Amino acid sequence: MSQKPSIPRGTRDFSPREMLRRNYIFDVIRRNFSLFGYLPLETPAMENLSTLLGKYGEEGDRLLFRILNSGNFLADTPSSALSSADSAALSQLICEKGLRYDLTVPFARYVVQHRDEITFPFRRYQIQPVWRADKPQKGRYREFFQCDADVIGSDSLLNEFELVRIIDRIFSELNIRAIIKVNNRKILAGIAEMAGAGERITDITVAIDKLDKIGQEGVRQELVQRGIAPEVIARLEPVISLSGPAASKLDELKRVLSSSDRGRKGVSEMEELFGYLAMEPSQSEVELDLSLARGLNYYTGAIIEVKAADVAIGSICGGGRYDDLTGIFGLPGVSGVGVSFGADRIYDVMLQLDLFPEQTGSATEALVINFGTEEVPELIKIISSLREAGIASELYPDPARLKKQFSYADARKIPMVIIAGSNEIAARQVTVKNMKTGEQTTVSLSALPSYLKEGRNS
RNA sequence: GUGGUUGUAGCUCAGUUGGUUAGAGCGCCAGAUUGUGGAUCUGGAGGUCGCCGGUUCGAACCCGGUCUUCCACCCCA
């Protein structure tokens, strides 16, 4: 007896209907990346664990999918490790590869490995799946696609500016109302310094990152729980809860952070960025959010996060600047900045808001009815002429009853059906049926391609 | 990783305090219509009730485990 087939938890099949829609998203993203001069890159699904481990924090290491070594790897494994029941320690001995967790670290690895053949500043885009051993929920998958654009080897804030422009263009084209939140790790570090707890920056940022979720009082409790002194919290709060336009927040920060070199640097970076942004209006709301921290601990400068205004699904895009990601791989002093679009969440947002265009992507425009072996030679010529003219078309493969062939066209939503039986063929004509209106027209064989092309817009 | 939740036909869901042969709508297939889809009518197929085990004379229903779904925490696209 055959068992029911299934796929691993948190993974999905994508049906043709879903793929057409996903490709629509990928096309918009890829076109805009390309428009800004980014070049395509792909890296392997699996990386050496040494490349991956330690780059995403303790939590990230736990969420890495590890790949068991090939062969009889247990033969060389000490029996003490096997009997210790310590999975983490054992996996170090029997796994040397893992599935990639994001696209940024493999990119940094690539840059270091290929530094001699790269022209800097190097702009690359990369659209590939990543894997995380997370517990799945809605909008959270174990296999999902990221669409990354990064520029490496340039400190200029113009890069941050252009990334915001890309984000704005892409979400505008997809008709998603986006809220783009920007902050700067240097400002956060400055705030922590100013509050007299510079070394507690991680605890402080993790806590204040939850501001919009748990509120001011919640953040206060979280900070207390993380052992932040009450007087530090008291100095933190008024800064975090600054409101108003970016310019006035930055003015206030300049005063508060005057004693912190790093903080001042962060403020001037944001002033420059918002200066550029003022030169070209964005369709999306771009907000300086001082509570935005983001988890990935390799960020050092600007951090960016995008949320859909109309759907609660977490962030649909995120990124930031990392000053020394390549340093761990032996190439110090190369700064990079990038953003990552979450294609799967964008899909979920668009589905929920019903934003997909009626016709997404390629679909058959014309179906040629199969009348039988007598007519097939002529039908092959007809369909060949249609494809030559760039009209996506199919010949029904079996000489089935017309009812069945028309039902097929109906189910596939094919707009035109070409009927060419012996009568039509003898007269060098075909009958074209418009499946939407039910209207039938007789068209000469030679005029058929142009007739169908004209009908596209009606 | 911690705690909770969900699962019945292809889909959406009924199913009485545990009781004989598990239902509906939609969809699918066939016919009414041998060169015409959508509407209508008629008929039909399709289920080891997620899976494994237990309790019981008897389980879709109760219990345990497991897988899956979704939710909160954690974290994140």
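Below, chain A is the first sequence line, B the second, and so on; all start at residue 1. Model, not experiment: these values are computed from the prediction.
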| task | Report which part of the nucleic acid A:Lys436 touches: base, sugar-phosphate, or nothing (heavy-atom distance under 4.0 Å, all strands). | result | base

Between CD of A:Glu424 and C1' of B:U36 the distance, given in whole Å, is 12 Å

Indicate, with a heavy-atom threshold strictly under 4.0 Å, whether A:Gly60 touches base, sugar-phosphate, or nothing.
nothing

Notebook entry, point to check: Cation-pi between A:Arg22 and A:Phe14: NZ/CZ under 6.0 Å from ring centre and within 45° of the ring axis?
Noted result: yes

**Asked** In whole Å, what separates the C1' atom of B:C13 from that of B:G3?
**Response** 29 Å

Winner on side-chain proximity to A:Lys403, out of B:G37, B:C76, B:C75, is B:G37

Check your understanding: Considering only the P atoms, how many Å lie between B:C28 and B:A39, rounded to the nearest integer?
Key -> 9 Å

Checking B:A77, B:G35, B:G37 against the side chain of A:Ser407 (C-beta onward), the nearest is B:G37

When only distance counts, do a donor and an acceptor, one from the side chain of A:Arg62 and one from the base of B:C74, lie under 3.5 Å apart?
no

Among B:A30, B:G37, B:C75, the one nearest any side-chain atom of A:Phe406 is B:G37

Exactly one candidate in A:Met416, A:Gln440, A:Glu439 meets side-chain contact (heavy atoms from CB on, under 4.5 Å) with A:Val432; the answer is A:Met416

Q.
Roughly how many Å apart are B:U2 and B:C63, using the P atom of each and rounding to a whole number?
A. 23 Å

task: Take atom P in B:G38 and the same atom in B:C29, then report the distance between them in whole Å.
output: 10 Å

Testing B:A77, B:G37, B:C75 for proximity to the side chain of A:Tyr141, the answer is B:A77

Ranking B:G38, B:C73, B:A77 by distance to the side chain of A:Gln137, first place goes to B:C73

Q.
When you measure from the centre of the six-membered ring of A:Tyr101, is the NZ or CZ of A:Arg132 closer than 6.0 Å and no more than 45° off the axis?
A. yes

Taking B:G4 as the reference, what is the distance to B:U8 when you measure between their P atoms (whole Å, please)?
23 Å

Testing B:G35, B:C75, B:G31 for proximity to the side chain of A:Glu59, the answer is B:C75

### Query
Which part of the nucleic acid does A:Val206 contact within heavy-atom distance under 4.0 Å: base, sugar-phosphate only, or nothing?
sugar-phosphate

What's A:Phe341 touching, base or sugar-phosphate or nothing? Going by heavy atoms closer than 4.0 Å. nothing

Of B:U68, B:U36, B:A77, the nucleotide closest to the side chain of A:Arg9 is B:U68

Nearest heavy-atom contact between A:Gly372 and A:Pro399 is CA-CB, 3.8 Å

Contacts of A:Phe26 meeting ring-ring contact (aromatic ring centres under 6.0 Å, His included) (sequence neighbours excluded), chain-then-number -> A:Phe145

What's the gap between B:A14 and B:U66 when it is taken at their C1' atoms, as a whole Å value?
28 Å

Worksheet item: Mind checking the P distance from B:C70 to B:A24? Whole angstroms is fine.
Response: 30 Å

With a 4.0 Å cut-off on heavy atoms, is A:Gly438 in touch with a base, just the backbone sugar-phosphate, or nothing at all?
base

Protein-nucleic acid N or O pairs under 3.5 Å, nucleotides 10-12 of chain B:
none

Among the nucleotides B:G35, B:G37, B:G1, whichever has the atom closest to the side chain of A:Lys135 is B:G1

### Salt-bridge criterion met for A:Glu269 and A:Arg185 (N-O under 4.0 Å)
no

Of the listed B:G35, B:A77, B:A30, the closest approach to the A:Ser315 side chain comes from B:A77

Discussion item. Classify A:Gly10 by what it touches in the nucleic acid, base, sugar-phosphate, or nothing, heavy-atom distance under 4.0 Å.
Written reply: sugar-phosphate

Heavy atoms under 4.0 Å, any strand shown: does A:Arg140 hit a base, just sugar-phosphate, or nothing?
-> base

Looking only at B:C74, B:C70, B:G37, the nucleotide nearest the A:Lys138 side chain is B:C70

| said: Counting the atoms with a prime plus P, OP1 and OP2 as sugar-phosphate, which does A:Gln405 contact under 4.0 Å by heavy atoms, base, sugar-phosphate, or nothing? | reply: nothing

Using atom types as modelled, flag every donor-acceptor pair under 3.5 Å from a side chain in residues 417-424 of chain A to any protein atom, sequence neighbours excluded.
unit_1: A:Glu424; atom_1: OE1; unit_2: A:Gly421; atom_2: N; d: 3.0
unit_1: A:Glu424; atom_1: OE2; unit_2: A:Thr431; atom_2: OG1; d: 3.0

